[in-house]
Structure formats: C-alpha cells, structure tokens
Amino acid sequence: MSIETLLHESRVFYPRNSFSSQSNVSTQTLYEQAHQDRLSFWESQAKKLLWHQPWNQVLDWKRPYATWFEGGKLNASENCLDVHLATKANQTAFIWEGENGEVRTYSYQALYEKVNTLAFQLRHRFGVQKGDRVTLYMPLIPELAIAVLACARIGAIHSVVFGGFSSASLKDRILDSQSSLLMTADGGYRRGKIIPLKEMVDVALSDPDTPIKTVLVVRHTGETIAWVEGRDVAYSQVMEEPHFMKPESMDSEDPLFILYTSGTTGKPKGIVHTTGGYLTHAKYSTKVVFDLKDEDIYWCTADIGWITGHTYVIYGPLSNGSTVMMYEGSPDYPDFDRFWGIVARHKVSILYTAPTAIRSFMKWGRDYPDKHDLSSLRLLGTVGEPINPEAWVWYYEVIGQSRCPIVDTWWQTETGGIMITTLPGLHAMKPGRAGLPLPGIEAKVLDERGNEITSGGGLLSLTQPWPSMLRGIWGDSDRFESVYWSQFETYFAGDGATVDEDGYVMVLGRVDDVLNVAGHRIGTMEVESALVGHEGVAEAAVVGMPDLVKGQAILAFVTLTEGVSASEILSKELIAHVSQEIGAIAKPQKIIFTPELPKTRSGKIMRRLLKNLAEGKAAGDTTTLSNPGIMDDLALKMQATC
Ligand code: WTA
C-alpha cells in the first residue's frame, strides 16, 4: 500500500440519480440564497431552532469578535430533546453498543428523563450554577451524552476531556477551566482492557489546587476503585428518583462548552463555543451534509471527547431528531470486522469516520467487510485529516459498494462544524479534494500576503464570520487574536490548501507545528515539554513523520543531560513518560538520540530541517546553522534506525 500523491489524482465520481433524487439538497438554491444575502440565509437556519425570545440583530462583527443572534434566548438541551417529544417520544435517540457486546437503547423520552434528572441534581444537590464549568472524563457511554445535555440544560459550561488523556492532562484542563464538578466512570473498555479512569482522576485531584468539590462516578466496568468520602458520589444513587428540570433560558452568546485542542506553543487552548450560532450550524450542517432523514441510523464513530463527537454525535443529530449509533470500543476488537458487524446488526445507513480508520481497514483487507451485509449504508463521510485517493476509492468501492456518495468534510475544533465539503446529492466527488464551502460559508486560499489564489497552493482562510465560529480561547484573548487573526485580515485556519478550476479545495494539512496523528491534533511543543520534563533529557525537538495508517507518527530528537547515556531502555522509558504526561495518543514512535540539535546561530532549533529528514527528503539549506555537520550525522542515524 502506498500513499499516492494527491496532485495527480483526476478521477471524478458522481452521485447516483437514485441518491440525488431523494436528497435533502439537489439544487443550487441554498448556495444562491446564501450568496444573495448571507445574513438572512443564516437567520432562516436559526429559525429552525426553538427560541424563547427572538434576536435583535443577526450579526454584530467587531473583528475578531462576533455576536450572532444578539438578544435571542434558547436552550440547547431543549432543542435536542423537548422539541421532539410531541412527535418522536418513542423514537430511538441512541443505540449504544459496548465493547463487550452489550446493547442499550434510549428513546427520546427516556433520554429526556435521564437528562432532566441529572440536570436537576447538578443544580439542586451539587449547586452547579449557570456559567459554572463541569469537566467530563468518561468512556464513550450514553451517560457521557446525558451529562453533556444535562450541563446544557442548566447552562453549565461542559468541558469534555477525552478519556485517552493522562491524569496530568486532565489536571491541566481542570485547572484552566476551574471546574467545580467532575463526572467520570470507574473505567472504560479499550481492546478488551480496562482503562482505569477513576484511578487517573484520583491522581489528577491529588493536587490540592484543583477546585473540584464533587466527583460523580458512573459504574461501568465494575472494577474495585478507591472512594473519597465526601467528594465521590455514585451516579446511580443520584439518578434513583426522576426529576424535571426546566431548561435555563440562555443568551445566544452564552458559552455552551469549552473544548481543549493543541496549538503550536504552550498548553492546549480552551476553545470556547457559544449557544445560538453553534447550534444553528450544528443542526443545519448535519441535515444538509449527511442528508439526514427520520429513517436513518446515523453513526459518527468519533469519541465525544473530540469536537466531531460534540457536533456530530450529540448536538447536530439530536437537534434533528435522528437515531444515533454509538459504539464504545475499538474497531479491531474482538476482530477486525467489528465495525461491519455493527453496521449490519443495527442497519446503519450513514457512516462518518476518519481516514486513519479507513487506512487500517484497508490494511486488514476486504474479507472483513465482505463477510457482512452492508446494504443498509447509503452515505459515507470522512473527517480529521486529508484522505489519500487510494483510501477514498477503497472506502467508496469496498464499504460503499460504489453506491454511496462520500462527503470529505474539512473543519476544525475552532470552526464548530463542517466548513468545506461536497453535498452528497448535488456535487461530483473528487477523491482527496474536500470540495466547496458550504452555503453560508466563505473560504479562500491566500498567498502569504493575503491575496487570493485561484489556482495552485496557499493558506486556507475563512473570509467571513460564521455562526459556529469560536468566540475565543478560555481566559486568553491575546492568544486568540495572535493565533487566528494576526496572519491575515480574515480567520487563518493553520492549514495549507490548493484550489482547482472548479473551486474545489484540497486541504494539504497543517502549515504550523501542529501534528495530526490518527486524526488527533498534537502540538510539538506539548510533546517536547513532556520529554524535557524527564530528568535525563536536556533538549528535545519533535516532528511528524509520514505514517501509512496514522497519517503522521511522532519522531523525537533528544539530547541527554551530562552523564546520562542513550539506550534502548531509556528510549522506551521516554516513550512511556510522554504517554504518562499527555496520553497514549502522543507517544513518539521513535526517539533519536543526538549529541546536539540543529540550531541557528541565535540558538533557535531548526525543526524544518528535521522535518525534511523525517519525510525522507534532503535536509535543505544548512548554511545558517551554527553546527551544519549535525545534519549529516542525523541523516545517517535516521537511515540506521528507520
Ligand atoms: C485537519 C477535526 C484534510 C486539518 C474536525 C484541520 C482535515 C484539523 C480534514 C482540525 C479534511 C480535518 N481534510 N484535513 N477533511 N478535516 N482536517 O480540530 O488539518 O481535531 O486543521 O477538528 O484536522 O482538527 P480538529
């Protein structure tokens, strides 16, 4: 298997008539409406939600600060639950399959009841007020979705921390958001093993600075766990008696959640999303991009700990009243056909997953999907990183059986929802090219000076404010302005892109020091700080190395402190150390020990040269280095180890 170069791809695929003729969008009307009057287009989308009070103004834009639907009042949980009760109380909201095979379903009525009870308890028993932060550190179980919606119901700001992060990462996020309550589970299942979440929580909270007063614990694995009296409370006990909780009337611009994501420097950024604009886009984009219908069984495989899970497992599909599949575990457990068994068992019709997963499926071979009946599928999607055409075509032919259109959706934690894609019933698909800005979204590829490029490569920018745009970085407006708004007049996404003669955008990946490992954003700085935090390490430089399955793998160049010598054991220890500091997703694949790192005369590490080495290219211009000879040494070491 090889990653083809995207630039030579010229195949074009068309949606079938049978798909287009039934699709939610089969004409240019939405594009035309949005083009004629963008704000009234967004206003008409917002009107599809239930508001307690209408807005005074659609958009107030004081670059880089946007206010959407100012004066409007609504509640996100009410828009995902209460609004459906009259017509869909008995319709299934969630079908959940545990890794061990257990299946649970929740109707809209049942989900509504659980959310109400938890919301009531959060408010009346634990005193969580509107605007307070609540951290959720959970496996992918229905209780996580219940907790998200319960927070939204009382206007508490949820901060979901992916269960794969370490206790140190969890602690940093708790401290940054100043959460007073944390909800977790005893553990979660991953590839048959138990991830001891509660144990990690106990370690994180052993720091006396953490402001958490209550830890709500869901019993999931049943393992023995430590219990801190007065702090830990069993979720089951809290949920014993049903309660109703009136949804809090939130301002359109009240924060709905914080979600941490990696940046180039320093600690992860707490991206802030607000209520009205975010929900407007979540509902609209889910409906048009996934062609969502009442009969669909819709499965987005992302964990709720990532933005994709927030928008396309919870808020988007539930605000549309659809039936959502959730699977707790790993795609290769107990065997490589787990996903295809789920599709067949639950008659999944829409599948939204990541290129890294698709490349794994390719590697495991088509026998696994071929064993199952995939005829329920009618639409496929991908997100998280560029998809190489070879994987795209495999997904199309083997999983979609050349019947299902594919939406390759480009967006980010910061954008809140999908920005660039083709619409499945309307557009031709070009493998490797995400497509066009959605109706209502304006995107351009710019050169370094901010001039638009109409063919060829440049930097991707969103050139008009949009409702679900991030409103800031929690507690750090300077960083918000400098990261996203200092490069251009318009929003800078951090991605390189090309655009073709039809206006189709191909996203090439990050142009900054953010890595994309298996669709997860990891800052080089975070990994470097973790490495340097080990007593044996003097300096570290981390770069991405092409990886056939994960897109990128992490390569770390490390210099050791005096008296410490390089060894295989130390290499393993450092890898484990990063895993402990950040989480297993940030583990370096390889450590290369070196007596020095390439540096300019002013002492700046030249990561670009290391990146070239990692990508198997010539090092490049070494004349500005204070130690030019080091690159030859490193090239030899790379050859010997990789
Ligand atoms: C990358 C995930 C190419 C991109 C929703 C972006 C993509 C980063 C695509 C955001 C795609 C996401 N094609 N690249 N279809 N989708 N990316 O914040 O580099 O976890 O900036 O949000 O993923 O990652 P994040």
Side-chain angles (χ1 to χ4, degrees), residues 3 6 9 160 162 164-165 257-264 268-273 278 281-282 285-286 289 300-313 315-316 352-359 380-389 391-392 395 406-422 429-438 443 445 457 459-462 468-470 473 483-484 487 491-499 504-523 544 550-552 585-586:
I3 304 278
L6 295 162
E9 179 62 44
V160 184
F162 172 57
F165 279 118
F257 64 84
I258 305 172
L259 185 60
Y260 287 87
T261 189
S262 295
T264 45
K269 307 171 280 200
I271 302 298
V272 178
H273 281 288
Y278 171 80
H281 186 61
S285 58
T286 311
V289 177
C300 163
T301 67
D303 193 282
I304 292 171
W306 309 112
I307 189 70
T308 308
H310 281 56
T311 310
Y312 297 111
V313 177
Y315 289 112
Y352 187 34
T353 193
T356 184
I358 298 165
R359 289 190 296 263
L380 303 174
T382 85
V383 61
E385 54 179 313
I387 181 162
N388 49 305
W392 193 103
Y395 194 33
I406 295 180
V407 287
D408 171 359
T409 62
W410 176 86
W411 59 294
Q412 309 177 294
T413 305
E414 292 85 344
T415 70
I418 295 166
M419 298 284 109
I420 298 180
T421 180
T422 50
M429 296 163 271
K430 303 184 187 184
R433 292 192 174 272
L436 302 160
L438 273 185
V445 178
L459 304 170
L460 186 57
S461 174
L462 297 168
S468 63
M469 66 196 292
L470 77 164
I473 295 175
V483 173
Y484 304 106
Q487 177 92 10
Y491 172 83
F492 175 47
D495 281 314
T498 65
V499 59
Y504 277 46
V505 174
M506 179 198 290
V507 181
L508 302 169
R510 308 292 306 186
V511 292
D512 51 20
D513 286 336
V514 174
L515 305 173
N516 190 329
V517 180
H520 302 317
R521 279 166 64 171
I522 296 163
K550 291 191 272 187
Q552 279 189 315
I585 51 169

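If you're wondering where the values come from, they're calculated on a predicted model, not measured in any experiment. Heavy-atom basis, side chains included; hydrogens, waters and symmetry copies ignored. First listed ligand is number 1; within each ligand, the first listed atom is number 1.
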Side chain, backbone, both or neither: Asn516 near ligand 1, heavy atoms under 4.0 Å: side chain
Under a 4.0 Å heavy-atom limit, does Ile420 contact ligand 1 with its side chain, its backbone, both, or neither? neither
Could you tell me whether the side chains of Ser285 and Tyr312 share a donor-acceptor contact shorter than 3.5 Å? yes
Can Tyr395 and Thr353 be counted as having a side-chain donor-acceptor contact under 3.5 angstrom? no
Name the closest protein heavy atom to [atom], giving the residue it belongs to and the distance to 0.1 Å.
atom                    : answer
atom 24 (O) of ligand 1 : Arg521 CD, 3.1 Å
atom 3 (C) of ligand 1  : Pro386 N, 3.1 Å
atom 1 (C) of ligand 1  : Gly384 O, 3.3 Å
atom 18 (O) of ligand 1 : Thr413 OG1, 2.5 Å
atom 11 (C) of ligand 1 : Glu385 O, 3.5 Å

Min N/O separation [X] to ligand 1 under 3.5 Å:
X      : value
Thr308 : no
Glu414 : no
Asp408 : yes
Asp495 : yes

Would the distance check show the side chain of [X] and the main-chain N or O of [Y] forming a donor-acceptor pair, the cut-off being under 3.5 Å?
X      : Y      : answer
His310 : Ile304 : yes
His520 : Gly384 : no
Glu385 : Asn516 : no

A side-chain contact here means heavy atoms from C-beta on lying under 4.5 Å apart; do Ile418 and Val407 qualify?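 Not in contact.
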Using the rule given for side-chain hydrogen bond (donor to acceptor under 3.5 Å, both in side chains), can you reason through Thr308 versus Tyr352, listing the C-alpha separation, both sets of side-chain angles and the distance that settles it, and then say yes or no? CA-CA 10 Å; Thr308 308; Tyr352 187 34; 5.5 Å; no
Please report the closest heavy-atom contact between Thr498 and Arg433, naming both atoms and the distance.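 That would be OG1-NH1, 3.6 Å.
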Does ligand 1 have any atom that is closer than 4.0 Å to a heavy atom of Trp410?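 Checking ligand 1 against Trp410, which is what was asked, there is a heavy-atom contact under 4.0 Å.
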With a cut-off of 4.0 Å, which atoms of ligand 1 are near a heavy atom of Thr409? 9 (C), 11 (C), 15 (N), 16 (N)
Those atoms of ligand 1 less than 4.0 Å from some heavy atom in Val507: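 Here the atoms of ligand 1 in question are 3 (C), 14 (N).
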Taking the six-membered ring where the residue is Trp, are the ring centres of Tyr278 and Phe257 under 6.0 Å apart?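 Under 6.0 Å, so yes.
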